[in-house]
K.L.:
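Dumping the structure here so I can ask a few things about it.
We count ligands from 1, going down the list as the structure has it; atoms in each ligand are counted the same way. Start at 1 with the first residue, then count along the sequence.
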Amino acid sequence: MSKQRSDKPEIKPFAGPAGGWGSVRSLAEILPRERVTPDALLQLARQNKPHGFMCTSCAWPKPADHHPAEFCEEGAKATAWELTTLRTTPEFFAQHTLTELRDWKDYDLEQHGRLTHPLRYDAATDKYVACSWEEAFDAIGTALRPLDPKSVAFYSSGRTCLEASYMYGLMARMFGNQNLPDSSNMCHESTSVGLKAAIGVPVGTTRLKDFEACDAIFFFGQNVGSNAPRMLHDLRSARKRGVEIITFNPLRERGLERFTNPQSPIEMLTGGETQISTQYHQVKAGGDIAAMLGIAKFVIEWDDAALAVGDPPVLDHDFIAQHTHDFRAFADAARAAEWADIERESGLERSALEQAARVYAKAKAVLAIYGMGLTQHVKGVENVRMVVNLLLLRGNIGRPGAGPTPVRGHSNVQGQRTVGITEKTELVPVDRLKELYGFDPPTEKGLDTVETCRGVIDGSVKAVIGLGGNFLRAVPETAAMEEAWPRLDLSVQIATKLNRNHLFAGKITYLLPCLGRIEEDVQETGPQAVSTEDSTSCIHGSRGKSRPASPHLLSEPRIVAEIAKRILPPNPRVDWDNWVADYGRIRDAIEATYPAIFRGYNKRLFTPGGFWKGNKAAERVWQTPSGKAEFLAPTGLSATGFADAEGRFRLMTLRSNDQFNTTIYGYHDRFRGVKGTRDVLFINREDMAATGVSEGQIVALESDAGDGKLRRREGLIVTPYDIPRGCLGAYYPEANVLMPVEHHAEQSHVPAAKSVPVRIRI
Ligand SMILES: Nc1nc2c(c(=O)[nH]1)N[C@H]1C(S)=C(S)[C@@H](COP(=O)(O)OP(=O)(O)OC[C@H]3O[C@@H](n4cnc5c(=O)[nH]c(N)nc54)[C@H](O)[C@@H]3O)O[C@H]1N2
Ligand SMILES: Nc1nc2c(c(=O)[nH]1)N[C@H]1C(S)=C(S)[C@@H](COP(=O)(O)OP(=O)(O)OC[C@H]3O[C@@H](n4cnc5c(=O)[nH]c(N)nc54)[C@H](O)[C@@H]3O)O[C@H]1N2
Ligand SMILES: [Mo]
């Protein structure tokens with residue numbers, strides 16, 4: 001029996017600002033729903049502060065001079081979600097088969113509360129049953145040892161701390177593979193690939209202090225009000241200084257329009273609010289290459305004209321000559337681009353792009369902030385390269401207030417890549433690992449997320465271990481993946497709450513419950529701290545103090561160590577137990593592996609604001625083959641990777657304001673005015689008329705990938721919305737069934753979740 005929501009769906013425009021009383025009311029709903037104890041309120045006061053714990057929600061940096069309450073609505077929801085007093089116990093599993101639970105919604109599964117015991121799947125009864133940790137680890141070891149290492153994938157989600165991530169990557173390599181797919185593969189991998197090729201580092205070059213030095217911000221495809229709300233404070237202060245914020249987003253996201261600071265009594269009481277964007281351009285999904293090329297075209301042609309008459313140049317020619325490569329090819333491509341093509345592909349008028357270009361040409365220091373709206377396209381890497389092209393034109397990298405600022409997702413997703421969670425050999429200090437641990441690390445490229453999906457479907461992947469996350473729900477092609485999953489020899493999931501991935505068993509299946517980051521983690525030498533890296537490469541210590549949800553939980557480092565001991569031959573140079581007894585020793589090992597980044601790691605662990613790992617591009621040292629920052633002329637104007645056709649739409653799969661990825665906190669997407677349902681199809685009114693559908697009508701979507709496979713999502717409520725023609729919006733992860741595995745970014749393999757070709761079926 002599927003559980004039902006009590007709320008009746010209600011969809012109507014929301015007039016309020018981001019933040020403000022809406023965020024306070026939302027908290028007043030969430031805290032009682034999670035039935036938290038007063039301890040949770042104490043924990044909230046420790047959130048994102050030195051010696052406190054680092055929020056489990058987004059990766060936005062934590063300032064050294066923190067506010068009294070250094071958390072946002074979403075961060076508080078994440079904390080309450082972990083500290084809930086609700087529990088999912090063996091008694092629960094005795095009452096429900098997995099077949100039955102597969103009819104439950106994502107919300108109902110997680111809302112049932114924290115997992116309390118290690119569990120083994122029993123095929124005879126189709127139920128999970130409690131087991132001992134020893135039994136689980138021994139069985140996992142017995143199942144893994146005989147397998148070809150190449151057929152095993154070690155997935156991880158970006159929340160896992162640096163310590164557990166380092167051990168996990170090392171375990172995989174000692175086992176004999178680099179099959180380390182992670183959530184980053186679905187997220188900012190286009191950044192890691194694009195920025196590395198363009199400026200020699202895989203991460204953004206800016207820090208919080210750059211918000212104080214910029215005079216313009218270009219903002220592409222990131223929904224700050226829902227997904228990184230603490231940044232609203234930085235944007236608000238920038239606006240108060242008169243900084244122009246030029247936004248490109250198909251949707252008018254409320255956080256990008258206006259914000260009332262919930263921490264300012266005056267703003268709260270007077271209804272004061274800050275306008276965030278000074279220009280708002282509703283670019284078509286996949287239209288950013290065209291939009292950025294249009295801006296570049298203006299700036300380059302103004303420069304041509306200025307030089308012709310001896311006026312001061314518009315471009316930074318000294319910077320371009322000294323620091324960049326291939327400018328000419330890019331500039332020629334911009335000059336040659338036709339306005340008709342730019343307007344058609346971006347969905348924006350030339351005059352609108354001219355307005356944006358004027359701001360760019362005038363600004364002395366420009367930040368370019370972006371998120372999934374750029375990375376999750378077939379041309380996602382080119383989107384990122386276009387951001388760099390634009391910045392390079394006026395030397396906007398490597399000086400105060402300027403630079404690319406990708407907004408990372410999970411709280412330690414960037415850090416995982418730093419400490420070896422990667423399928424790519426060139427990102428790993430292979431010689432150092434060999435020297436430290438006396439083994440030959442594999443050099444054959446491992447499987448990323450898309451390749452793991454292919455492998456699960458074609459049967460070449462035989463075992464998947466999941467360190468956090470909800471792999472089966474977050475990936476594309478969810479129907480085929482769910483069908484293939486039971487063919488796995490082994491499925492092991494390490495998690496805090498029950499999710500849909502856990503409802504699909506392999507031949508041998510274990511569900512292992514772990515401590516969350518906010519909980520006290522006591523090992524042999526006493527309470528332990530862990531660490532994470534934020535979006536701006538600052539590394540923070542984090543100490544959990546809350547009482548664990550169950551006495552049977554183990555920490556992630558401990559679980560990894562126990563599996564490692566069962567699958568690897570003894571190695572005197574890696575004493576897993578010794579590491580787990582004192583996480584400071586894991587940090588010493590990380591420092592020994594990456595001495596330049598982690599110098600004095602344990603000593604600097606609780607530096608207010610985190611300690612910075614450094615960034616060569618920020619110093620204008622370009623670690624690229626040419627030794628310079630690379631311009632790249634785009635190969636086309638559209639990022640979608642497919643042609644437009646009659647009746648074919650570009651579907652953007654979106655997050656609501658009431659979810660963290662596949663974790664659904666509730667059914668209230670406040671900023672978009674949707675309450676009580678997630679079965680929404682956002683569509684332009686003119687497209688409704690053209691398709692012959694009416695408001696409130698229930699329709700289906702079918703994928704239109706042209707590969708002959710039927711992929712269908714039923715039951716969507718037609719919802720007229722301010723969205724460019726030809727584009728649709730629906731919520732992730734429910735829409736993932738429509739995404740072909742092969743519809744991914746070239747080079748980075750990020751599933752192209754922001755322009756999925758679909759048709760409406762009535
Ligand atoms: N509360 C909360 N916080 C989160 C998350 C969460 O689910 N909930 N998830 C975390 C994670 S892992 C990540 S990666 C980040 C995700 O945070 P975001 O990067 O904000 O990702 P999305 O919510 O998918 O939204 C992308 C935005 O891009 C816009 N967009 C879509 N297509 C295009 C396009 O072609 N061009 C442009 N210019 N814009 C486009 C959409 O309208 C939307 O506003 O947030 C992190 N923080
Ligand atoms: N269509 C579409 N698909 C997408 C996206 C999109 O925009 N559109 N976004 C992509 C992106 S950016 C990302 S990052 C991925 C997200 O993919 P994942 O990172 O795999 O998914 P999450 O939903 O973040 O994982 C939630 C689960 O993590 C577990 N968990 C929570 N806290 C802990 C903990 O402390 N330890 C452990 N071990 N487990 C914990 C809980 O059991 C919870 O159910 O999805 C991607 N998929
Ligand atoms: Mo993400």
K.L.:
How far is atom 44 (O) of ligand 1 from its nearest protein heavy atom, and which residue and atom name does that atom have?
P.N.:
Glu253 OE2, 2.6 Å
K.L.:
Does the Lys NZ or Arg CZ of Arg672 fall within the cation-pi geometry relative to Tyr721 - under 6.0 Å from the ring centre and within 45° of the axis?
P.N.:
no
K.L.:
Taking the non-hydrogen atoms of His377, is any one of them nearer than 4.0 angstrom to ligand 1?
P.N.:
yes
K.L.:
Among protein heavy atoms, which sits nearest to atom 21 (O) of ligand 2, and what does the distance come to when rounded to 0.1 Å?
P.N.:
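Minimum-distance protein heavy atom for atom 21 (O) of ligand 2 reads Asn470 N, 3.6 Å.
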K.L.:
For ligand 2, which atoms sit closer than 4.0 Å to a heavy atom of Cys514?
P.N.:
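Atoms satisfying the 4.0 Å criterion: 36 (N), 37 (C), 38 (N).
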K.L.:
Which protein heavy atom lies closest to atom 39 (N) of ligand 2, and at what distance to 0.1 Å?
P.N.:
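So the nearest neighbour among protein heavy atoms is Gly468 CA, 3.4 Å.
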K.L.:
Any nitrogen or oxygen of Gln659 lying under 3.5 Å from a nitrogen or oxygen in ligand 1? Just yes or no.
P.N.:
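Yes; at least one N/O pair falls below 3.5 Å.
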K.L.:
Examine the side chains of Thr640 and His377 and answer whether a donor and an acceptor come within less than 3.5 Å of each other.
P.N.:
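Per modelled atom types, Thr640 and His377 side chains form no pair under 3.5 Å.
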K.L.:
Taking only heavy atoms of His410, which atoms of ligand 2 are found under 4.0 Å from at least one of them?
P.N.:
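The atoms of ligand 2 under 4.0 Å from a heavy atom of His410 are 14 (S), 19 (O), 24 (O).
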K.L.:
Return the closest protein heavy atom for atom 36 (N) of ligand 1 as residue, atom name and distance.
P.N.:
Asp288 OD1, 2.6 Å
K.L.:
Just checking, any donor-acceptor pair under 3.5 angstrom between side chains of Thr418 and Glu533?
P.N.:
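On atom types as modelled, these side chains qualify, holding a pair under 3.5 Å.
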K.L.:
Looking at ligand 2, would Ala735 count as a contact under a 4.0 Å heavy-atom criterion?
P.N.:
no
K.L.:
Taking distance alone, with no angle check, do Asn223 and ligand 1 share an N/O pair under 3.5 Å?
P.N.:
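N/O-N/O distance below 3.5 Å exists for this pair.
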K.L.:
How close does the nearest protein non-hydrogen atom get to atom 18 (P) of ligand 1, and which residue and atom is it?
P.N.:
Asn227 ND2, 3.4 Å
K.L.:
Any heavy atom of Lys754 closer to ligand 2 than 4.0 angstrom?
P.N.:
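Yes, Lys754 has heavy atoms under 4.0 Å from ligand 2.
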K.L.:
From atom 46 (C) of ligand 2, work out which of Met186, Glu110, Glu519 has a heavy atom at the shortest distance.
P.N.:
Met186
K.L.:
Pull out every atom of ligand 1 sitting under 4.0 Å from any heavy atom of Val283, numbered as shown with elements.
P.N.:
38 (N)
K.L.:
For His188, is the nearest heavy atom under 4.0 Å from an atom of ligand 2?
P.N.:
no
K.L.:
Would you tell me whether Glu74 and Ser57 have side-chain atoms, one donor and one acceptor, within less than 3.5 Å of each other?
P.N.:
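Per modelled atom types, Glu74 and Ser57 side chains form no pair under 3.5 Å.
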K.L.:
Tyr731 near ligand 2, heavy-atom distance under 4.0 Å?
P.N.:
no
K.L.:
Which of the numbered atoms in ligand 1 are below 4.0 angstrom from a heavy atom of Gly286?
P.N.:
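Atoms satisfying the 4.0 Å criterion: 34 (C), 35 (O).
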K.L.:
I'd like to know if the side chain of His112 pairs up with that of Glu110 as donor and acceptor (distance under 3.5 Å, no hydrogens or angles considered).
P.N.:
no
K.L.:
In terms of side-chain heavy atoms, does Asn227 have a donor or acceptor partner in Arg655 at a distance below 3.5 Å?
P.N.:
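No donor-acceptor contact under 3.5 Å links the two side chains.
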K.L.:
Looking only at protein heavy atoms, which one is nearest to atom 41 (C) of ligand 1, and what is the separation?
P.N.:
Asn249 OD1, 3.6 Å
K.L.:
Quickly, which of Asn48, Thr536, Asp234, Asp534 forms a side chain to side chain donor-acceptor pair (under 3.5 Å) with Trp60? Name it, please.
P.N.:
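Exactly one option meets the side chain to side chain donor-acceptor pair (under 3.5 Å) with Trp60, and it is Asp234.
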K.L.:
Got the closest protein heavy atom to atom 7 (O) of ligand 1, with its distance?
P.N.:
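Residue, atom and distance for the closest contact: Asn661 N, 2.7 Å.
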K.L.:
Might you point out which heavy atoms bring Thr452 and Pro181 nearest each other, and give the distance in Å?
P.N.:
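Shortest heavy-atom contact: OG1-CG, 3.4 Å.
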K.L.:
Distance alone, cut at 3.5 Å: any donor-acceptor contact between the side chains of Ser656 and Tyr667?
P.N.:
no
K.L.:
Taking the six-membered ring of Phe53 as reference, does the NZ or CZ atom of Arg517 fall below 6.0 Å from its centre and within a 45° cone about the axis?
P.N.:
no
K.L.:
Taking C-beta and beyond as the side chain, do Gln43 and Leu83 meet within less than 4.5 Å on heavy atoms?
P.N.:
yes
K.L.:
Are Ser190 and Thr375 close enough that a side-chain donor and a side-chain acceptor fall under 3.5 Å?
P.N.:
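No, no side-chain donor-acceptor pair sits under 3.5 Å.
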K.L.:
Of the listed options (Tyr732, Phe660, Tyr155), which comes nearest to atom 20 (O) of ligand 2 when hydrogens are ignored and any heavy atom counts?
P.N.:
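Residue with the shortest heavy-atom distance to the ligand atom: Tyr155.
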K.L.:
Is it true that the side chains of Asn383 and Tyr370 contain a donor and an acceptor less than 3.5 Å apart?
P.N.:
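The criterion, which ignores hydrogens and geometry beyond distance, is not satisfied for Tyr370 and Asn383.
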K.L.:
Identify, by atom number and element, the atoms of ligand 1 in contact range of Cys187, meaning under 4.0 Å from any of its heavy atoms.
P.N.:
14 (S)
K.L.:
Which residue supplies the protein heavy atom nearest to atom 40 (C) of ligand 2, what is that atom called, and how far is it?
P.N.:
Thr496 OG1, 3.5 Å
K.L.:
Report, in ascending order of atom number, the atoms of ligand 1 lying under 4.0 Å from any heavy atom of Phe248.
P.N.:
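Taking each heavy atom of Phe248 in turn, ligand 1 has 37 (C), 38 (N) under 4.0 Å.
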K.L.:
Within ligand 2, which atoms have a heavy atom of Ile494 less than 4.0 Å away?
P.N.:
37 (C), 38 (N), 39 (N)
K.L.:
Would Arg650 and Ser755 count as having a side-chain donor-acceptor pair, cut-off 3.5 Å?
P.N.:
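No pair is found: no donor N or O on one side chain lies under 3.5 Å from an acceptor on the other.
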K.L.:
Give yes or no for whether the N/O distance cutoff of 3.5 Å, strictly under, is met between Gly287 and ligand 1.
P.N.:
no
K.L.:
Using heavy-atom distances only, which candidate in Met652, Met372, Gln222 approaches atom 32 (N) of ligand 1 most closely?
P.N.:
Met652
K.L.:
Looking only at protein heavy atoms, which one is nearest to atom 8 (N) of ligand 2, and how far off is it?
P.N.:
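Answer, as residue, atom name and distance: Thr653 OG1, 2.9 Å.
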K.L.:
Among Ser57, Gly221, Ser346, Ser226, which residue places a heavy atom closest to atom 28 (O) of ligand 1?
P.N.:
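Considering heavy atoms of Ser57, Gly221, Ser346, Ser226, the nearest to atom 28 (O) of ligand 1 sits in Gly221.
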K.L.:
As an exercise, identify every atom of ligand 1 less than 4.0 angstrom from a heavy atom of Cys58.
P.N.:
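Listed by number with element: 47 (N).
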K.L.:
Pick one: which of Arg678, Arg473, Gln659, Arg500 meets side chain to side chain donor-acceptor pair (under 3.5 Å) with Asp106?
P.N.:
Arg473
K.L.:
Between Phe504 and Arg102, is any pair of side-chain heavy atoms under 4.5 Å apart?
P.N.:
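Answer yes - side chains close enough.
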K.L.:
So is there a nitrogen or oxygen of Ser157 less than 3.5 Å from a nitrogen or oxygen in ligand 2?
P.N.:
yes
K.L.:
Given Ile723, which partner from the list Lys284, Met652, Gln282 fulfils the side-chain contact (heavy atoms from CB on, under 4.5 Å) test?
P.N.:
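When side-chain contact (heavy atoms from CB on, under 4.5 Å) is applied between Ile723 and each of Lys284, Met652, Gln282, only Met652 qualifies.
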K.L.:
Could you tell me whether a side-chain N or O of Asp669 sits under 3.5 Å from a main-chain N or O of Asn657, the two making a donor and an acceptor?
P.N.:
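Yes: the side chain of Asp669 pairs with the backbone of Asn657.
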K.L.:
Has ligand 1 got any nitrogen or oxygen that is less than 3.5 angstrom from a nitrogen or oxygen of Ala228?
P.N.:
no
K.L.:
Do any nitrogen or oxygen atoms of Gly371 come within less than 3.5 Å of a nitrogen or oxygen of ligand 1?
P.N.:
no
K.L.:
Among all the protein's non-hydrogen atoms, which is closest to atom 38 (N) of ligand 2, and how far away is it?
P.N.:
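So the nearest neighbour among protein heavy atoms is Glu556 OE2, 2.6 Å.
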K.L.:
N/O of Arg655 under 3.5 Å from N/O of ligand 1, yes or no?
P.N.:
yes
K.L.:
Counting only heavy atoms, tell me which of Ala474, Gly373, Gly347 gets closest to atom 34 (C) of ligand 1.
P.N.:
Gly373
K.L.:
Is there any N or O on Arg517 that sits under 3.5 Å from an N or O of ligand 2?
P.N.:
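Looking only at distances, the answer is no, because the N/O contact criterion of under 3.5 Å is not met.
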K.L.:
In terms of side-chain heavy atoms, does Gln528 have a donor or acceptor partner in Ser555 at a distance below 3.5 Å?
P.N.:
no
K.L.:
Contact between Val407 and ligand 1, counting heavy atoms under 4.0 Å?
P.N.:
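Val407 does not count as a contact of ligand 1 under the 4.0 Å cut-off.
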K.L.:
What are the atoms of ligand 1, with element, lying closer than 4.0 Å to any heavy atom of Pro250?
P.N.:
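Near Pro250, the atoms of ligand 1 are 30 (N), 33 (C), 37 (C), 39 (N), 40 (C).
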K.L.:
Does the Lys NZ or Arg CZ of Arg159 fall within the cation-pi geometry relative to Phe660 - under 6.0 Å from the ring centre and within 45° of the axis?
P.N.:
yes
K.L.:
Are His749 and Asp448 linked by a side-chain donor-acceptor pair shorter than 3.5 Å?
P.N.:
yes
K.L.:
Quick one: look up the protein heavy atom nearest atom 13 (C) of ligand 1 and list residue, atom name and how far away it is.
P.N.:
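The closest heavy atom on the protein side is Gly409 CA, 3.2 Å.
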